[in-house]
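What you see below is based on every heavy atom in this structure, not just the backbone, and it leaves out hydrogens, waters and symmetry mates. Note that the coordinates shown come from a computational prediction; the quantities given were computed from them, not determined experimentally.
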Amino acid sequence: MKFLIAFVALFALALAAPSADVQVLRSDSDVGPEGFNYALETSDGTKTQEQGQLNNIGTEQEAIAVKGSYRFVADDGVTYEVTYIADENGFQPQGAHLPVAPEA
């Protein structure tokens with residue numbers, strides 16, 4: 001499980017890796033056996049942060065719960081921001097630009 005937590009954190013950082021002309025303004029990470037935190041901010045306006053916590057340790061229901069957000073400036077100059085939770089209920093993103101399911 002420790003490997004999974006470390007892999008998820010490193011994978012997220014790799015996806016957020018800036019291009020050559022963008023500078024990293026802030027990069028923090030803390031990976032432990034039962035959770036992780038990371039934050040990244042770059043000079044192009046990209047910002048990402050995430051926290052993960054291992055729940056139900058030692059049981060058959062052991063799972064990681066993650067919450068975080070990311071923000072970026074698109075090619076059209078608009079800043080998009082998404083906050084999310086990923087847990088036993090699946091990935092649940094929220095953002096002003098994301099479609100919302102109709103009321104049942």
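Enclosure of atom CD in Glu81 by more than 12 non-hydrogen atoms of other residues, nucleotides or ligands within 6.0 angstrom is indicated. Within a 6.0 Å sphere centred on CG of Asp75, other residues, nucleotides and ligands contribute 12 heavy atoms or fewer.
Once rounded to the nearest 0.5 Å, the distance linking OG1 of Thr46 with CG of Leu40 reads 8.0 Å. To the nearest 0.5 Å, atom CG of residue Asn55 and atom CD of residue Gln61 are 11.5 Å apart. The CG atom of Asp28 sits 10.0 Å away from the CD atom of Glu41 when rounded to the nearest 0.5 Å. Taking CZ from Arg26 and OG1 from Thr48, the interatomic distance works out to 10.5 Å, rounded to the nearest 0.5 Å. Atoms CD1 and CG, from Ile64 and Asn56 in turn, are 12.5 Å apart once rounded to the nearest 0.5 Å.
Shortest non-hydrogen contact noted between Gly45 and Arg71 is O-NE, 3.5 Å.
Side chains of Gln92 and Asp87: a donor on one and an acceptor on the other come within 3.5 Å. Tyr84 and Glu50 form a side-chain donor-acceptor contact under 3.5 Å, judged by distance and modelled atom types alone.
Taken together through direct or relayed side-chain contacts under 4.5 Å among Ile, Leu, Val, Met, Phe, Trp and Tyr, Val73 and Val78 form parts of separate hydrophobic clusters.
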Problem set entry | side chain to side chain donor-acceptor pair (under 3.5 Å) between Ser27 and Tyr38, worked out | CA-CA 8 Å; Ser27 177; Tyr38 85 85; over 6 Å; no

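No side-chain heavy atom of Ser29 sits less than 4.5 Å from a side-chain heavy atom of Asn37.
Applying the ring pair (Phe, Tyr, Trp, His ring centres under 6.0 Å) definition to pairs two or more places apart or across chains, those involving residues 48-77 are Phe72-Tyr80.
Remark: side-chain polar atoms of Gln53 are paired, donor with acceptor, to backbone N or O of Glu34 under 3.5 angstrom.
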